[in-house]
Amino acid sequence: MEFEKRHGSSSSMDLFYEALNDDLARYSLLALGCAAAAYYIWQLTVRFSDHLRRLSTFNDDSQRYFVPAHEKFSWIKNHLIYAPMFRNRHNRELQLSQAINMGTLPSRFHGLLVTGVVAMNVILCVVTVPYASDESTTAGIVRNRTGTMATVNLIPLVLMAGRNNPLIAMLHVPFDTWNLLHRWLGRIVVCEALAHTFAWAIPKAQDASWSAVGEYITGSSFLTAGLVTTCTSVALLVHSPSPIRHAFYETFLHLHIALAAVCMGFLWVHLNGYAAQKYLLGAIILWALERATRLFIIIYRNLGRASTTATIESMPGDAMRITLRLARPWKFRPGQHIYLYIPAVGLWTSHPFSVGWSEDEDKMSDEKSLPMAHQDLIGAPQQTTLSLLVRRRTGMTDKLYQRAADAMGGRITLRAFAEGPYGNIHTMDSYGTVMLFAGGVGITHHVPFVRHLVAGFADGTVAARRVTLVWIIQSPEHLEWIRPWMTSILAMDRRREVLRIMLFVTRPRNTKEIQSPSATVQMFPGRPNIDTLVGMEVENQIGAMGVLVCGNGSLSDDVRRVCRKRQSKSNLDYVEESFSW
Ligand SMILES: Cc1cc2nc3c(=O)[nH]c(=O)nc-3n(C[C@H](O)[C@H](O)[C@H](O)COP(=O)(O)OP(=O)(O)OC[C@H]3O[C@@H](n4cnc5c(N)ncnc54)[C@H](O)[C@@H]3O)c2cc1C
Ligand SMILES: *[C@@H]1O[C@H](CO)[C@@H](O)[C@H](O)[C@H]1NC(C)=O
């Protein structure tokens with residue numbers, strides 16, 4: 001065998017350890033699978049009980065049974081699930097300076113998960129190694145073990161990186177959590193790859209010298225490929241820290257994908273003929289499937305008889321409203337987002353945006369759209385539009401804003417591709433009391449919930465009896481962002497009975513600007529006192545209470561703190577969307 005020529009014949013003990021390594025690698029996959037299965041069962045229970053709660057509230061306007069806290073569960077929520085690692089900080093970014101953003105601290109629950117994965121890997125790498133035997137055997141086993149573990153970890157690593165990861169929908173775990181796990185698994189893989197390399201190189205250097213090690217490596221394509229793999233994996237680690245990722249997201253992403261491909265290519269060569277190659281193959285297949293799914297979704301959603309277009313309107317306060325006319329009708333649910341491609345400004349790059357509004361409009365009555373061929377009108381009378389609200393940042397969104405602002409009337413229509421829908425992890429349908437906190441463009445995430453809950457209240461299909469929307473904006477001009485959507489919502493049936501809107505304007509030019517249009521729509525200058533607002537709702541709580549936040553990190557952290565404080569008395573759930581990962 002070519003293999004034996006290269007490495008000398010294996011003893012029966014070596015074969016035993018080879019088989020054991022492979023078993024342990026499979027156990028690690030099994031352990032992750034079991035954790036996912038356990039979480040799935042837990043999620044099913046939660047969803048089922050939420051569903052029962054929703055059903056039982058249809059004819060019950062006080063929903064008293066659901067108001068008090070569940071003692072043990074609220075303790076867990078307060079101290080584990082909603083808790084930041086230390087004290088109150090979770091989403092507010094750790095900044096060294098204005099420009100350098102060190103990212104956010106994981107929550108306690110996330111910390112526990114990460115610790116579990118790290119501990120499992122450390123244990124699997126060090127158990128059953130016969131430390132008493134001679135050094136080269138020990139090193140050989142550790143080397144083979146860490147190599148196998150690094151490879152097997154590529155499977156969850158790749159799975160977690162994908163936006164089409166099926167576990168997102170199954171486990172109701174959002175992409176940002178998978179992304180966190182992806183980063184930690186990546187760090188683990190790099191450590192294992194380094195351990196693997198040094199467990200080979202150090203004994204070799206002790207036997208001969210480091211220069212001999214260099215000669216070994218250059219003399220064998222197997223070893224060269226291995227070294228390149230380790231080096232690219234270190235490069236992947238070095239270019240990925242939060243400050244770099246957030247400052248140059250597109251560059252980071254392209255480099256990351258390119259390096260990952262190089263790394264896997266060389267690993268493939270390195271593993272030729274080895275048992276661990278099948279794990280690499282698994283990872284590559286998962287990656288290919290994810291990419292194929294994306295391509296399929298883009299083609300299916302955007303290339304029909306017509307193609308998708310985006311109309312971009314520039315708005316005051318560095319924002320824009322984007323209305324997508326989709327090639328195919330498309331159902332979307334509150335809380336979902338899409339990835340938007342606009343080749344004219346962003347080439348092939350895609351950016352995630354929450355969908356703020358959707359409408360099925362008649363193509364015929366839409367005087368803005370271009371005249372179409374007769375068959376088009378008969379075949380597809382309905383067209384779905386999705387609307388987004390986008391804040392101008394410094395990359396693609398900046399270019400897009402410029403294009404729209406320079407165009408006549410501040411609006412421009414461009415060819416676009418929408419990929420989705422993604423997300424929709426949480427529903428607010430089973431809460432008697434719902435509070436939605438939004439900061440700035442975060443409102444776009446909440447509008448569909450408000451619309452859905454008000455419609456559900458009128459139809460008697462949701463538990464909601466009190467819905468409060470709190471929106472914090474800098475200037476009254478920003479109301480313009482969602483004016484058409486808000487006008488529709490305010491005109492909805494029985495809206496006054498269920499919905500209250502509180503607007504907080506942090507930088508009004510003068511107090512005359514701040515006028516409350518009605519008793520159910522109030523406007524205030526300054527920042528809200530979250531504690532008081534939540535306290536007021538808790539006093540009058542109907543059923544279970546759900547609090548949803550979408551805004552900057554310090555708003556989320558504030559609301560989280562207040563919600564944790566109230567856990568002991570009321571049945572209160574806290575959900576956040578941070579618009580980043
Ligand atoms: C689930 C989700 C929903 C979102 N919904 C909205 C929304 O409704 N309205 C809105 O204005 N913004 C939303 N965002 C944020 C929006 O995606 C970014 O602001 C946008 O991609 C910035 O593009 P840019 O090239 O101008 O970014 P830059 O100015 O280069 O970067 C600004 C920030 O955006 C992040 N970012 C840049 N490109 C991407 C990308 N392709 N994917 C993910 N993050 C990126 C960067 O890490 C950086 O922190 C959402 C983000 C997520 C994750
Ligand atoms: C390590 O793996 C190589 C290649 O499969 C094998 O030849 C060697 O015997 C293994 N060593 C030990 C100690 O298991």
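All ligand and atom numbering here is 1-based and tracks the order in the structure.
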Distance-only N or O hit between ligand 2 and Glu18, under 3.5 Å: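 Between Glu18 and ligand 2, an N or O pair is found under 3.5 Å apart.
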Distance-only N or O hit between ligand 2 and Asn144, under 3.5 Å: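 N/O-N/O distance below 3.5 Å exists for this pair.
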Please report which non-hydrogen protein atom sits nearest to [atom], along with the residue it belongs to and the distance in Å to one decimal place.
{"atom": "atom 14 (N) of ligand 1", "value": "Pro352 O, 3.5 Å"}
{"atom": "atom 19 (O) of ligand 1", "value": "Arg393 CG, 3.5 Å"}
{"atom": "atom 4 (C) of ligand 1", "value": "Phe579 CD1, 3.2 Å"}
{"atom": "atom 40 (C) of ligand 1", "value": "Tyr249 CE2, 3.2 Å"}

Using distance alone, decide if ligand 1 has a nitrogen or oxygen within less than 3.5 Å of any nitrogen or oxygen in [X].
{"X": "Leu389", "answer": "yes"}
{"X": "Arg391", "answer": "yes"}
{"X": "Glu577", "answer": "no"}

Where does [X] meet ligand 1, judged by heavy-atom distances below 4.0 Å: at the side chain, the backbone, both, or neither?
{"X": "Asp176", "result": "neither"}
{"X": "Ala247", "result": "neither"}
{"X": "Ala319", "result": "neither"}

Sub-4.0 Å heavy-atom contact, His445 with ligand 1: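 For ligand 1, residue contact (heavy atoms, under 4.0 Å) with His445 is absent.
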Asp207/Lys204 ion pair, N-O < 4.0 Å: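 No, Asp207 and Lys204 are not salt-bridged.
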Ring centroids only, cut at 6.0 angstrom: are [X] and [Y] within range, meaning strictly under it?
{"X": "His426", "Y": "His172", "result": "no"}
{"X": "His110", "Y": "Trp184", "result": "no"}
{"X": "Phe222", "Y": "His270", "result": "yes"}

Met396: numbered ligand 1 atoms lying under 4.0 Å from its heavy atoms: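 Taking each heavy atom of Met396 in turn, ligand 1 has 24 (P), 25 (O), 26 (O) under 4.0 Å.
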Option set Asp14, Ile141, Asn21, Leu20, criterion heavy-atom distance to atom 9 (O) of ligand 2, minimum: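 It is Asp14 whose heavy atom sits nearest to atom 9 (O) of ligand 2.
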Proximity to ligand 2 by part of Met13, non-hydrogen separation under 4.0 Å: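 For Met13, no heavy atom sits under 4.0 Å from ligand 2.
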Flag: protein heavy atom within less than 4.0 Å of atom 17 (O) of ligand 1: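 Yes, because at least one protein heavy atom sits under 4.0 Å from atom 17 (O) of ligand 1.
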Distance (rounded to the nearest 0.5 Å) between Ile141 CD1 and Asn21 CG: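 Between atom CD1 of Ile141 and atom CG of Asn21 there are 8.0 Å.
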Check against side chain to side chain donor-acceptor pair (under 3.5 Å), Arg560 and Ser107: CA-CA 11 Å; Arg560 169 204 309 278; Ser107 72; over 6 Å; no
